[in-house]
Amino acid sequence: MKKKISWFLVVFLIIYTVLGIINALYFVPKDTAEVTRGLANRWIIQLSDEKAWYTRINPLTIIMSWTIIIGLIVFAVRVGKNFKVIPDRRQSFAESIMDFMYEVVESVIDDPKFVRPTFAIATTLFLYISISNIIGGAMPGLNVNVVDEHVKFTLFQDTWFSPTADLNTNLTYALMVFVISHAFAIKAKGFGGWLKSWLEPMPIMLPMNIIGELAKPISHSLRLFGNIGGGAILTFILTYLVKYLFMPVFYWAYFGIFVGLVQALVFSMLAVAYISEKIS
Amino acid sequence: MEKSLADALVIMGKAIGAGLAMGIGAIGPGIGEGNIGAHAMDAMARQPEMVGTITTRMLIADAVAESTGIYSLLIAFLILLTL
């Protein structure tokens, strides 16, 4: 098994170096000011002349989201089909993640009726966000640009785009957690109890409660977006001069693996904490 | 390309603004994460058998404490790259 992994690493490094040299020879920008011009709008495509929110899309978010979703479904089906008493490597990996998340959720949620739904939500969020953060590091990946009103795909030029570096994805998940926590609160306390919980500890605190509830999804989504998007932009700017030769591996190790995993854990933990605060 | 004084002033304002946003915004998270790290070290020295749990919670608290720094990083990027 160890020989296989070391062979895999050697092949990976050779491919990485060859791609880096090709990049450094052929894709160097002619003007260094081109690198940072419109960096925040680099992947966004304007569909028509009308400037509105529904005519601007980011195709890479959609492509990468569906890639990750299909990958997760394939993995789950392959693990679930041959489920054994003596686990193989894939099954034990899945089991260890589930075990870790279940213990955390069980220790936070008081009501045993809500442990399993909360566990499902938190684990789904954790798996999706951690995978998208890890692949959205500094590998030479796919690029989408508009050249003369045609969409042009370029391989191996920019970094892989992480879906969580787009605020749409994060805001969707934060709003889903917001809605789910209130639905659980209605289920746990009844509708009257839920309405009454807005007036606690006294009726004059109602505006404060409303502002506090609205601030939750905003801070929840902006934290993940800032970490991943900021890391992606930092990696992009810092490594443009050497064009993916050596440095991206280290930036990827920090921004992709360490920060990405910690932020995925924080996102799902905060989701569990919001839900448990609402139902208790 | 000829640059007028107004363009130079705009670029200067952008640079100063981004620098101030990032520099001042990094003070609070620095103090907060220092506090969290110090108390986590204290707790680990008192109870060495709890190291795993304390490290996980310390990382989560760190990530929550640095969110204001992340917001200022976002503002600095917005000023520099899109404004």
Side-chain angles (χ1 to χ4, degrees), chain A residues 31 33-44 100-101 103-104 107-108 122 126 129 133 164-165 167 170 174 215-216 218-238 240 255 258-274, chain B residues 1-4 7-8 10-30 32-34 36-37 40 43 47 49-83:
Chain A
D31 183 12
E34 249 179 59
V35 175
T36 54
R37 184 176 301 143
L39 181 58
N41 293 323
R42 180 169 287 264
W43 291 286
I44 292 176
F100 171 71
M101 291 303 288
E103 273 177 19
V104 171
S107 69
V108 175
F126 177 72
I129 292 172
N133 287 354
T164 43
L167 189 54
N170 304 332
K216 270 179 190 173
I218 293 171
S219 76
H220 201 183
S221 61
L222 273 183
R223 178 175 300 122
L224 185 60
F225 169 68
N227 268 293
I228 306 304
I233 291 176
L234 268 183
T235 316
F236 193 80
I237 293 173
L238 290 175
Y240 216 90
F255 286 113
F258 179 69
V259 174
L261 281 178
V262 168
Q263 288 304 319
L265 187 64
V266 165
F267 196 90
S268 49
M269 287 300 106
L270 279 177
V272 174
Y274 289 160
Chain B
M1 196 177 82
E2 201 174 317
K3 271 190 179 148
S4 63
D7 288 339
V10 166
I11 291 174
M12 190 188 79
K14 274 189 192 177
I16 291 176
L20 278 179
M22 202 55 243
I24 297 173
I27 294 174
E33 291 192 15
I36 293 167
Q47 270 187 312
E49 68 268 20
M50 294 282 286
V51 168
T53 319
I54 291 172
T55 310
T56 316
R57 300 218 171 146
M58 184 189 78
L59 283 177
I60 291 175
D62 265 352
V64 173
E66 78 179 0
S67 59
T68 48
I70 295 292
Y71 299 157
S72 65
L73 177 72
L74 272 178
I75 295 298
F77 276 138
L78 278 179
I79 291 172
L80 280 180
L81 302 175
T82 58
L83 214 67

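The chains referred to below are lettered A, B, ... by the order of the sequence lines, with proteins before strands, and numbering in each begins at 1.
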Under 4.5 Å from any heavy atom of chain B - which part of A:F267: neither
What part of A:L222 is in contact with chain B, defined as an atom under 4.5 angstrom from a non-hydrogen atom: side chain, backbone, both or neither? both
Distance from B:E66 atom CD to A:Q263 atom CD, nearest 0.5 Å? 6.0 Å
Between A:V262 and B:D62, is any pair of side-chain heavy atoms under 4.5 Å apart? no
Sort [X] into side chain, backbone, both or neither according to what part of it lies under 4.5 angstrom from a heavy atom of chain A.
| X | value |
| --- | --- |
| B:T56 | side chain |
| B:L74 | side chain |
| B:I60 | both |

For A:R223 and B:I70, the nearest pair of non-hydrogen atoms, with its separation, is O-CG2, 4.2 Å
